[in-house]
Amino acid sequence: MQNVFLVIHLIVSVILIFVVLVQEGKDPGMRGIQGASSEMNDTFFKSNGGTTKEGMYIKITTTLAILFLITTMALVVLSAS
């Protein structure tokens, strides 16, 4: 049973790392020098209200973080017995 949780834990951690790296930062970076904001791109996703790309990434990151926490706690409990 511990091996199953270990495999799930590794898969969730790799996907979580990938999703966090794919997200854009809130800092405009070099675009801030020119006066452009990050709100100027992704007009299709910005006009859809709650179904934005950023909102989707936040939900996926939160779900994966909760799964990561659950698998971590399960591994600790299983290794203690």
Applying the 4.5 Å side-chain criterion to the ILVMFWY set and letting contacts propagate, would V4 and V12 be lumped into a single cluster?
yes
Transitive ILVMFWY side-chain link V77 to I8, under 4.5 Å
no
Linked hydrophobic residues, [X] as query - side chain contacts closer than 4.5 Å:
X	value
L21	I17
I58	none
V76	none

Within this structure, what is the [atom1]-[atom2] distance for the pair [X] and [Y], rounded to the nearest 0.5 Å?
X	Y	atom1	atom2	value
T71	L64	OG1	CG	10.0 Å
I11	L16	CD1	CG	13.5 Å
L78	N3	CG	CG	10.0 Å

So, using side-chain contact (heavy atoms from CB on, under 4.5 Å) as the criterion, who are the partners of [X] when residues are at least two apart?
X	result
L69	M73
I66	T62, I70
V22	F18, Y57

Under the side chain to side chain donor-acceptor pair (under 3.5 Å) test, which residues partner T61, sequence neighbours left out?
Q23
Return the set of residues passing ring pair (Phe, Tyr, Trp, His ring centres under 6.0 Å) with F68 (not counting sequence neighbours), or none when no residue passes.
H9
